[in-house]
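Working notes for the structure below.
Everything numeric in this text was worked out from a predicted model, so none of it was measured.
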Amino acid sequence: MLRDIEIAQKAKMKKISEIADSIGINEDEIEPYGHYKAKLSDSLINRVKDNKNGKLILVTAVNPTPAGEGKTTVSIGLAQSLAKIGKKAIAALREPSLGPVFGIKGGAAGGGYSQVVPMEDINLHFTGDMHAITSANNLMCAILDNHIQQGNELGIDQRRVLVKRCLDMNDRALRNIICSLGGKLNGIPREDHFIITVASEVMAILCLAEDLFDLKERLGNILVAYTYDNKPVYCRDIKANGAMTVLLKDALKPNLVQTLENTPAIMHGGPFANIAHGCNSVRATKTALKLADYCVTEAGFGSDLGAEKFLDIKCRFADLKPDCIVLVSTVRSMKYNGGTAKEHLTEENLDALRKGSVNLGAHIDNLKKFGVPVVVAINHFYADTEREIEFVKQFCESKGADFAVTKCFAEGGNGGIELAQKVVDACEKENHFHFLYDLDMPVYEKIETIAKKIYGADGVDYTKEAKKSIEEFIALGADKMPVCMAKTQYSLSDNPSLLGRPEHFRITVSSVSLSNGAGFLVCQTGSIMTMPGLSKSPAAYKIDIDENGKTIGLF
């Protein structure tokens with residue numbers, strides 16, 4: 001089979017004006033970036049805001065394994081499959097970050113014959129959203145340091161600066177630095193840090209903002225530092241949010257592209273699924289719902305992280321209600337959770353499959369707690385045997401979940417017809433969607449609810465630092481906010497080595513931060529890397545230009 005980039009480069013794309021026209025968008029309502037990608041204008045969003053919503057389909061997955069589950073590939077494939085059976089569908093997806101593109105994970109444009117195109121543009125600079133977010137974040141940091149240098153009228157304690165500079169690249173050398181060295185004219189020396197752009201609160205805010213003025217207000221609410229007498233300092237206090245909004249006014253507009261089969265796709269935003277909510281923008285999802293009968297969107301990592309935050313944070317803030325949840329798993333991931341080593345995952349092993357099925361079962365059980373119909377999609381790989389597929393089918397049925405095998409990677413939309421029909425049927429079933437917890441719950445009770453009901457923990461322990469931070473944030477009025485749990489994606493617990501469905505464990509909250517502009521408390525468990533590093537042999541080594549100026553080695 002051809003590599004992803006080879007398939008993408010052979011794609012027969014339609015002009016972006018044709019894609020827009022296919023979903024009722026007028027030519028003057030898009031802002032083209034070349035021939036095959038465009039921004040959606042504010043005039044379009046305002047025009048369609050009173051349209052009836054289509055069906056909202058959330059695609060999530062089991063805990064990620066080294067073998068890969070293909071959640072984005074299934075999301076794109078499902079949108080193509082819905083189009084194949086005559087449904088008006090749009091995929092609403094996250095934008096890739098350059099960090100994973102040049103690192104080890106890869107891009108976020110799908111794979112095989114279920115990709116969004118132009119793949120090279122999307123995985124690299126796209127329409128510049130990531131750069132705008134980076135610039136806005138770093139402008140805030142520069143203004144804050146300048147305020148300290150120019151007399152420090154607010155009395156900011158440089159030891160308690162909370163915001164960090166960012167870069168859309170994996171660069172471990174910038175994680176912990178000392179800035180402003182070189183004498184009096186270069187500022188007040190202090191410890192500083194860099195995070196990857198997708199971990200910036202500015203990214204989370206962009207993805208939750210309803211419009212330009214909501215964006216400006218949220219940016220102004222960012223908690224940037226404390227004063228020497230322990231008073232909070234917000235972004236509006238250092239007069240940064242207005243200029244930041246100007247930098248972000250175009251980035252706030254969703255991006256329109258297409259799949260390999262010319263199904264429309266809106267790609268916009270992509271906050272970290274650990275320290276933020278891990279979903280594409282509210283504006284993109286809402287616009288897709290107004291333009292199509294079916295909107296297929298996804299959430300980051302497994303359902304214990306991405307789906308829980310999509311449902312408890314994004315849906316709450318945006319007044320969204322999912323009609324169906326698709327849970328992606330693989331035979332390989334189940335065998336891995338059953339103790340099979342990565343190099344033996346292509347061998348039939350019903351015992352390991354049976355043992356590892358508890359992880360899939362936990363995710364089914366968790367999603368059903370939200371009252372939404374669940375369809376399990378088994379992303380098919382060449383080595384999967386009929387006996388293994390039959391076992392998974394029977395297991396899902398025993399858990400009360402619909403089941404379909406998808407071959408979207410190899411066959412595109414034709415490979416997901418069964419899944420598409422199951423999803424259409426699920427969208428017509430009884431739906432009793434509800435949140436996991438009420439915002440009026442005490443903060444500690446919200447945390448325990450997530451830990452016990454979703455992770456399966458016996459309880460929660462807090463470090464002294466974490467408890468102190470929670471009490472500080474409660475005093476600032478954050479007790480009515482949702483909770484965003486930051487933990488490893490590889491396990492239902494906070495220990496990445498505990499696979500399957502761990503039992504008899506406790507979650508430890510090590511630190512807590514306040515994303516005041518985004519509107520949630522972030523509780524960190526374990527060690528979460530917000531500025532990744534490159535591996536010994538990063539993907540960047542393989543990416544190059546050939547003699548004809550064509551990109552090679554990009555997946």
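No more than 12 heavy atoms of other residues, nucleotides or ligands shown are found within 6.0 angstrom of NZ on Lys216. Within a 6.0 Å sphere centred on CD1 of Ile178, other residues, nucleotides and ligands contribute more than 12 heavy atoms. Heavy-atom neighbours of Asp319 CG from other residues, nucleotides or ligands within 6.0 Å: at or below the threshold of 12.
Salt-bridge formation is not detected for the pair Asp42/Lys253: no Lys NZ or Arg NE/NH1/NH2 atom is positioned less than 4.0 Å from an Asp or Glu carboxylate oxygen. Between Lys487 and Asp304, at least one side-chain nitrogen of the basic residue sits less than 4.0 Å from a carboxylate oxygen of the acidic one, meeting the salt-bridge criterion.
One distance of note links CG of Asn137 with OG of Ser200; it measures 3.5 Å at 0.5 Å rounding. Rounded to the nearest 0.5 Å, atoms CG (Leu223) and CG (Leu476) are 6.5 Å apart. Atom OG of residue Ser513 and atom CD1 of residue Ile275 lie 7.0 Å apart, to the nearest 0.5 angstrom. How far CG of Leu167 is from CG of Leu98: 9.0 Å, rounded to the nearest 0.5 Å.
Looking at Ser333 and Thr330, their side chains do bring a donor and an acceptor atom within 3.5 Å of each other. Counted by atom type alone, Glu27 and Ser17 present zero donor-acceptor pairs between their side chains at under 3.5 Å. Judged by distance alone, the side chains of Ser114 and Thr73 never bring a donor and an acceptor atom under 3.5 Å apart. Side-chain atoms of Glu120 and Thr551 include a donor-acceptor pair closer than 3.5 Å. No side-chain N or O of Thr488 forms a donor-acceptor pair with one of Asp494 less than 3.5 Å apart.
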For Arg283 and Glu210, run salt bridge (charged side-chain N to carboxylate O under 4.0 Å, His left out): C-alpha distance rounded to whole Å, both residues' side-chain angles, the deciding distance at 0.1 Å, then the answer. CA-CA 6 Å; Arg283 290 191 111 203; Glu210 291 282 351; over 6 Å; no

Carefully, step by step, assess Lys39 and Asp250 under the rule salt bridge (charged side-chain N to carboxylate O under 4.0 Å, His left out). CA-CA 8 Å; Lys39 285 281 184 186; Asp250 289 324; over 6 Å; no

Salt bridge (charged side-chain N to carboxylate O under 4.0 Å, His left out) between Asp192 and Arg190, intermediate numbers included: CA-CA 6 Å; Asp192 202 2; Arg190 66 177 182 87; 3.6 Å; yes

Yes or no on side-chain contact (heavy atoms from CB on, under 4.5 Å) for Asn63 and Tyr490, after CA distance, side-chain angles and deciding distance? CA-CA 5 Å; Asn63 294 104; Tyr490 299 114; 5.8 Å; no

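Contact detail for Pro118 and Tyr36: the closest heavy-atom pair is CD-O, 3.7 Å. The minimum heavy-atom distance linking Pro482 with Gly519 is given by the pair CD-O, 3.3 Å.
For Gln115 (side chain) and Asp4 (main-chain N/O), a donor-acceptor pair under 3.5 Å exists by modelled atom type. Looking only at distances, no side-chain donor or acceptor of Asn138 sits under 3.5 Å from a matching main-chain atom of Arg165. Judged purely by atom type and a 3.5 angstrom limit, Ser281 has no side-chain atom pairing as donor or acceptor with the backbone of Cys207. Between the side chain of Ser97 and the backbone N or O of Gly99 there is at least one donor-acceptor pair closer than 3.5 Å. A donor-acceptor pair is defined here as one N or O able to donate and one able to accept, closer than 3.5 Å; such a pair exists between the side chain of Asn123 and the backbone of Met119. With hydrogens and angles disregarded, a donor-acceptor distance shorter than 3.5 Å links the side chain of Glu201 to the backbone of Gly517. At least one donor-acceptor pair closer than 3.5 Å links the side chain of Asn255 to the backbone N or O of Met267.
Annotation: cation-pi pair Arg94/Phe126 absent, no NZ/CZ under 6.0 Å from the ring centroid and within 45° of its normal. Lys164 forms no cation-pi arrangement with Phe194, by the criterion of a distance under 6.0 Å to the ring centre and an angle within 45° of the ring axis. A cation-pi contact, defined as under 6.0 Å to the ring centre and within 45° of the axis, links Arg160 to Tyr226.
The side-chain contact (heavy atoms from CB on, under 4.5 Å) test with Val59 is passed by exactly one of Leu93, Val296, Thr72: Val296. Each of Val483, Ile507, Ile450 was evaluated against Cys523; a single residue qualifies, Val483, per the side-chain contact (heavy atoms from CB on, under 4.5 Å) test.
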